[in-house]
Amino acid sequence: MFALVDMNSFYTSCETAFRPDLAGKPIVALSNNDGCVIARSKEAKALGIKMGMPWFQLREMQFPERIIAFSSNYELYGDMSQRVMTTLEEMCPRVEVYSIDEAFCDLTGVRNCRDLADFGREIRETVRRNTRILCGVGIAQTKTLAKLANRAAKEWPQTGGVVDLSNETRQRKLMSLMPVEEVWGVGRRIAKKLDAMDIKNALQLCDTDIRFIRKHFNVVLERTVRELRGEPCLELEEFAPAKQEIVCSRSFGERVTDYEEMRQAICSYAARASEKLRGEHQFCRYISVFVKTSPFSTEPYYGNHAGTKLLTPTQDTRDIIAAATRCLEAVWRDGHRYQKAGVMLGDFFSQCVAQLNLFDDNAPRANSDALMTLMDKLNKQGRGTLYFAGQGIAQVWQMKREMLSPCYTTKLSDIPVVRAN
DNA sequence: TCTGGGGTCCTAGGACCC
DNA sequence: TCTGGGGTCCTAGGACCC
């Protein structure tokens, strides 16, 4: 038995948790660079504000009430997420943190001693009490059905935010009401193809012959169909598997036309990616860089990427910056207004394997480990405490975050002082 | 003027091997 | 006339997720 716990309008809920004066107002959270809407409060949804809508368009629109917007504050959201997950871990024996605002809980044992919906309501109430954040709970025997149950819990207020879907009759009833694109694993493309085959709701998908699915789609959708039938194909993954790649990319606050600025940005992304790599206790051998102009612009589009394979896997920022810079030289073209760039690391080796290569011709730099450990330690106290000269000081290409809230839970200096009088 | 960032898995096709 | 069969590895691209 799985429970899927999903936070309601997570990012905007994090903002209102510390601004009770904003409760009941239409609020949106914006993507990096204040680009587009990525979270909406209940009231903002009711006004018809769509996910992914560009902020510069939304800002011009007329609404009966003023829209309150926040730049993404991932330090705050990440910390709030941890508090929610800790609460879940205290209540459930096994928890899979699926995303910043979602977790699967294993309810296998719970079933023997108490009513599942009751337990769901207890989860909901405890999370609300500990964090001031509301969540929905969907319960069923497969992850895909639990997702569907969660959908229903959010959509229909009379469920009180909790739906136990372990009963097959209820499953079929709910599936008949759910458009097929609401099913976890069915995206826009597949939904369109299914629609052309006259498969329009989840129940019709569930009842489609497996061989037919296999012939016209792939094993991924086959698993989805089996899961809808109550046959578990996806297990709870309590411990996250090691990452296979790490990406650091950003849109620029303003278009970049100068090579030196781009080099600074690439150095910064390379440094950040290396830091993440060390956080994963991995060494990488493949490094690549991409640059691109805006796909929305009327100017001719230019996008390109280049990669390089090192002889010896590394986790030293200096090696990774050097490789990334070489890649950038290969893809840079003068005369474009670049909108975005990024650095990707891949082909990972775990620490012990990498050390076998100590006897290679290309031995790692002396004291690399000590230096990187020190850097990471200093930068943990505050990002950007110690950085490479190549990253630049002015960083004019930095992303826009004009409506950033304070880091209420992680940075003391950010908390506004309330004065008497 | 202005449109996010970070991942995963699967498949097809090419290179290469015997 | 007539030119095989079977396998692995890698990469790019497409689909999905949040």
Side-chain angles (χ1 to χ4, degrees), chain A residues 4-7 9-11 28-39 50-61 69-74 77-78 81 96-104 143-144 147 150-151 180-194 214 216-224 233-234 237 240-255 257 269 272-273 276-277 279-280 285-286 288 290 292-299 301 303 305-307 309 337 339-348 399-403:
Chain A
L4 176 68
V5 183
D6 185 317
M7 305 308 127
S9 315
F10 183 59
Y11 295 170
V28 298
L30 303 177
S31 63
N32 272 341
N33 219 26
D34 297 340
C36 46
V37 173
I38 54 169
K50 297 276 178 270
M51 198 72 163
M53 178 180 262
W55 168 236
F56 76 89
Q57 286 173 4
L58 180 60
R59 206 174 37 190
E60 301 302 317
M61 289 167 65
F70 285 97
S71 303
S72 281
N73 184 343
Y74 284 102
Y77 310 152
S81 173
E96 171 186 341
V97 178
Y98 178 68
S99 75
I100 195 163
D101 73 335
E102 269 178 83
F104 286 104
K143 283 182 162 182
T144 306
K147 271 274 196 184
N150 185 283
R151 241 339 197 288
V180 76
E181 61 266 29
E182 304 269 296
V183 174
W184 189 38
V186 178
R188 256 214 324 267
R189 297 304 258 279
I190 289 179
K192 201 174 160 197
K193 200 167 154 188
L194 286 169
R214 194 56 190 269
H216 297 281
F217 299 89
N218 55 25
V219 293
V220 183
L221 193 66
E222 176 183 341
R223 277 200 286 261
T224 299
C233 301
L234 305 169
E237 286 176 29
K243 280 197 201 312
Q244 297 180 42
E245 56 179 40
I246 287 171
V247 179
C248 182
S249 72
R250 293 280 180 282
S251 298
F252 303 121
E254 278 166 31
R255 300 285 183 261
T257 52
Y269 303 156
R272 178 66 189 127
K276 290 189 200 170
L277 182 68
E280 291 277 312
R285 214 168 60 152
Y286 181 74
S288 77
F290 73 85
K292 53 187 276 208
T293 61
S294 171
F296 304 102
S297 168
T298 49
E299 326 161 18
Y301 177 78
H305 64 100
K309 202 152 195 170
R337 298 174 66 240
Q339 174 244 1
K340 183 175 179 177
V343 171
M344 198 190 102
L345 309 180
D347 198 7
F348 291 169
M399 63 184 180
K400 262 193 299 201
R401 293 167 99 190
E402 285 170 352
M403 293 152 286

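All chains are named by letter (A, B, ...) in the order of the sequence lines, taking the proteins before the strands, and each is independently numbered beginning at 1. A quick note: this is a predicted structure, and the numbers were derived from the prediction, not measured.
- Relative to the side chain of A:W184, the nucleotides B:dC2, C:dC17, B:dG7 differ in distance, and C:dC17 lies closest.
- Between B:dG6 and A:S249, a contact under 4.0 Å exists linking OP1 or OP2 to a side-chain N or O.
- Here A:K400 lies out of heavy-atom contact (under 4.0 Å) with every strand.
- Side-chain N/O atoms of A:N32 and A:S72 include no donor and acceptor closer than 3.5 Å.
- Residue A:K193 is out of contact with every strand shown, counting any heavy-atom pair closer than 4.0 Å.
- Atom CD of A:Q244 is separated from atom C1' of B:dC10 by 12 Å (rounded to the nearest Å).
- For A:F296, the listed nucleotide lying nearest its side chain is B:dT3; candidates were B:dC10, B:dT3, B:dG7.
- Between A:Y98 atom OH and C:dC16 atom C1' the separation is 9 Å, expressed in whole Å.
- Residue order along DNA chain B, read from the 5' end via each residue's closest nucleotide, puts A:K243 first among A:V219 and A:K243.
- Side-chain proximity of A:K147 to C:dC18, B:dC10, B:dG7: nearest is C:dC18.
- Among the nucleotides B:dC2, B:dG4, C:dC18, the one closest to the side chain of A:D101 is C:dC18.
- Rounded to an integer number of Å, the gap from CD of A:E245 to C1' of B:dG6 is 9 Å.
- The interatomic distance linking A:M399 (CE) with B:dG4 (P) rounds to 12 Å, in whole Å.
- The distance from atom NZ of A:K143 to atom C1' of C:dC17 is 12 Å, rounded to the nearest whole Å.
- Residue A:C36 has its side chain nearest to B:dT3 when only B:dC2, B:dT3, B:dT11 are considered.
- A cation-pi geometry, defined here as NZ or CZ lying under 6.0 Å from the six-membered ring centre and within 45° of its normal, does not hold between A:K340 and A:F252.
- When each of A:V220 and A:C248 is assigned the nucleotide of DNA chain B bearing its nearest heavy atom, the one mapping closer to the 5' terminus is A:C248.
- Residue contacts shown for A:N33 are absent, as no nucleic acid heavy atom lies under 4.0 Å away.
- Atom pair A:N32:CG and B:dC2:P shows a separation of 18 Å (rounding to whole Å applied).
- A:E102 comes within 4.0 angstrom of the backbone, heavy atoms only, and of no base.
- Using a 4.0 Å heavy-atom distance criterion, A:L30 is classed as making no nucleic acid contact.
- Within the 4.0 Å cut-off from OP1 or OP2 of B:dG6, at least one side-chain nitrogen or oxygen of A:K276 is found.
- For A:S251, a side-chain nitrogen or oxygen approaches OP1 or OP2 of B:dG5 to under 4.0 Å.
- For the pair A:I38/A:Y11, a side-chain contact is recorded, criterion being any heavy-atom separation below 4.5 Å from C-beta on.
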Show your reasoning for whether side chain to side chain contact (heavy atoms under 4.5 Å, CB included) applies to A:L194 and A:F217.
CA-CA 10 Å; A:L194 286 169; A:F217 299 89; 3.7 Å; yes
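- The nucleotide whose nearest atom lies closest to any side-chain atom of A:R255 is, among B:dG7, B:dT3, C:dC17, B:dT3.
- Dashed line: the shortest gap from a side-chain N or O of A:R250 to OP1 or OP2 of B:dG6 is under 4.0 Å.
- Across all strands shown, B:dC18 forms a Watson-Crick or G-U wobble pair, both distances under 3.5 Å, with C:dG5.
- The side chain of A:R189 has C:dA15 as its nearest neighbour among B:dG6, B:dG7, C:dA15.
- Going from atom CD of A:E222 over to atom C1' of C:dC16 covers 17 Å, rounded to whole Å.
- In the set B:dG4, B:dC2, B:dC10, B:dC10 carries the atom at the smallest distance from any side-chain atom of A:N218.
- We find that the ring of A:W55 and the base of B:dT3 do not stack by the test of centres under 5.5 angstrom and planes tilted less than 30°.
- The side chain of A:Q339 lies closest to B:dG4, out of B:dG6, B:dG7, B:dG4.
- Within 4.0 Å (heavy atoms only), A:R223 reaches sugar-phosphate atoms of the nucleic acid but no base atom.
- At a threshold of 4.0 angstrom between heavy atoms, the contacts of A:I100 with the nucleic acid are absent.
- Atom CD of A:E299 and atom C1' of B:dC2 are 13 Å apart (whole Å).
- The shortest distance between side-chain heavy atoms of A:W184 and A:K143 falls below 4.5 Å.
- In this structure, the separation between CD1 on A:I100 and OH on A:Y77 is 9.0 Å, given to the nearest 0.5 Å.
- Looking at A:K292 and A:Y301, their side chains come closer than 4.5 Å, going by heavy atoms from C-beta outward.
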